[in-house]
Amino acid sequence: MKAQAGTIYLVGAGPGDPKLITVHGREVLESADAVVHDRLVSPDLLKLARADARIEDAGKTPGRASRSQEEINDLLVELAREGLSVCRLKGGDPFVFGRGGEEVLAARAAGIPVVVVPGISSALAGPTAADVPVTHRGVESSFTVVTGHDARSAGDAGVDWGRIAGTPGSIVVLMGVGNLGAITGKLIEGGRSPDEPVRVVERATLPGQRVISGTLATVQQLAQEAGLKAPAVIVAGPVAAVLNDSETT
Ligand code: SAH
């Protein structure tokens, strides 16, 4: 399907591996007049854009550190108003901690048609790529996805860690690797066992993907020793160790 003139497409790029974009997303990317991409989007994916497409890094603007969300919204609307088909390429899924909803609202307010193309979120691909089934029959029947961004600050971005800990099911934390110690501490404080298995998956589905396995009590030190850094997904719960028995490595 060719991208239509004057339309903004919010496209999920998938978690990292360029093969994990959807067919629909790829078609939009290959045909769009303009591509506005996130920092985390693979350079290999951008090679699929038309040679004459206008490519903008949403995170960068000449002479300035970064664009604000409002500036990104304005850029998208401006490009569509010029009559271009616009592929807004976002890491993972556009609506999982991606501020995609704000971009839809801004486009609608400007009277620009928007199409949202779902993507594979790192919230799912991270655990899966690290051999962790977020649900597993007889072990866990639900999972919670939460941001770890502000886990050290008083506000905690509105995250009630006590409630997260107390809710049954696996816990998947995005944007949390820098606050790993604070997060595991709060989960233990909230009633999770210090022995609960945890995996941290760095650069999931990308070359050089690394996985650290430990428990709520040990994982922070292990991750620190390994020098683990963003982007990484943390997954906690019995599911984090459920495939251990069948591991061959
Ligand atoms: N919309 C994105 C998430 C954006 S928030 C999605 O659905 O995946 C950015 C966070 O996503 C990072 O801090 C990290 O926690 C996670 N992330 C994105 N790509 C990742 C990758 N390849 N490996 C591990 N974590 C990743």
Side-chain angles (χ1 to χ4, degrees), residues 9-22 24-25 28-29 36-46 57-59 66-67 69 72-73 76 87-104 114 116-132 134 143-153 156-159 161 164 170-184 187 198-213 219-220 222-223 226-236 240:
Y9 295 81
L10 252 66
V11 175
D17 180 345
K19 287 191 174 175
L20 293 175
I21 192 171
T22 63
H24 188 181
V28 170
L29 174 60
V36 181
H37 66 89
D38 278 353
R39 192 173 40 86
L40 273 179
V41 165
S42 158
D44 284 338
L45 263 184
L46 296 175
D57 182 335
S66 66
R67 279 191 179 93
Q69 184 61 49
I72 295 168
N73 297 349
L76 297 173
C87 173
R88 170 72 175 110
L89 195 58
K90 300 172 76 68
D93 181 272
F95 286 170
V96 178
F97 299 124
R99 307 193 66 172
E102 293 165 60
E103 293 173 8
V104 170
V114 199
V116 184
V117 183
I120 300 177
S121 176
S122 62
L124 293 175
T128 299
D131 237 4
V132 178
V134 285
F143 58 94
T144 301
V145 179
V146 60
T147 171
H149 185 58
D150 289 334
R152 264 184 308 196
S153 66
D156 275 10
V159 174
W161 288 96
I164 299 278
S170 315
I171 300 170
V172 178
V173 188
L174 267 55
M175 297 177 280
V177 76
N179 292 335
L180 189 55
I183 292 164
T184 52
L187 292 177
V198 181
R199 276 189 190 181
V200 186
V201 196
E202 177 190 70
R203 290 178 57 80
T205 79
L206 287 164
Q209 168 181 306
R210 291 198 292 168
V211 180
I212 297 287
S213 303
V219 74
Q220 198 256 334
L222 296 171
L228 229 60
K229 51 185 196 317
V233 173
I234 304 157
V235 55

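The first residue in the sequence is number 1, and the count goes up from there. Order of appearance sets the numbers: ligands from 1, and atoms from 1 within every ligand. These values consider heavy atoms only, across backbone and side chains, with no hydrogens, waters or symmetry-generated copies.
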Quiz item: Heavy-atom distance under 4.5 Å between the side chains of V146 and I171, does that happen here?
Solution: yes
Self-check item: Residues which pass side-chain contact (heavy atoms from CB on, under 4.5 Å) with L222, listed by chain and number, not counting sequence neighbours
Solution: I212, T218, E225
Quiz prompt | For K90, the option from L40, L10, V41 that meets side-chain contact (heavy atoms from CB on, under 4.5 Å) | solution = L10
Quiz prompt | Pairwise distance CG(D17) to CZ(R203) - rounded to 0.5 angstrom | solution = 11.5 Å
Quiz prompt | Residues R67 and D57 bridged, charged N to O under 4.0 Å | solution = no
Quiz item: For the residue pair V233 and S122, what are the closest heavy atoms and their distance?
Solution: CG2-O, 3.5 Å
Write out each pair where an N or O from ligand 1 and one from the protein are under 3.5 Å apart, with the distance.
from	atom 1	to	atom 2	distance (Å)
ligand 1	1 (N)	G91	O	2.9
ligand 1	1 (N)	D93	O	3.0
ligand 1	1 (N)	V96	O	2.7
ligand 1	7 (O)	D93	N	2.9
ligand 1	7 (O)	S121	OG	2.8
ligand 1	8 (O)	S122	N	2.8
ligand 1	8 (O)	S122	OG	2.7
ligand 1	11 (O)	S122	OG	3.4
ligand 1	13 (O)	M175	N	3.4
ligand 1	15 (O)	M175	N	2.8
ligand 1	15 (O)	A232	O	2.7
ligand 1	17 (N)	S122	OG	3.2
ligand 1	22 (N)	P15	O	2.8
ligand 1	22 (N)	A204	N	3.4
ligand 1	22 (N)	A204	O	3.1
ligand 1	23 (N)	A204	N	2.8
ligand 1	25 (N)	A232	N	3.4

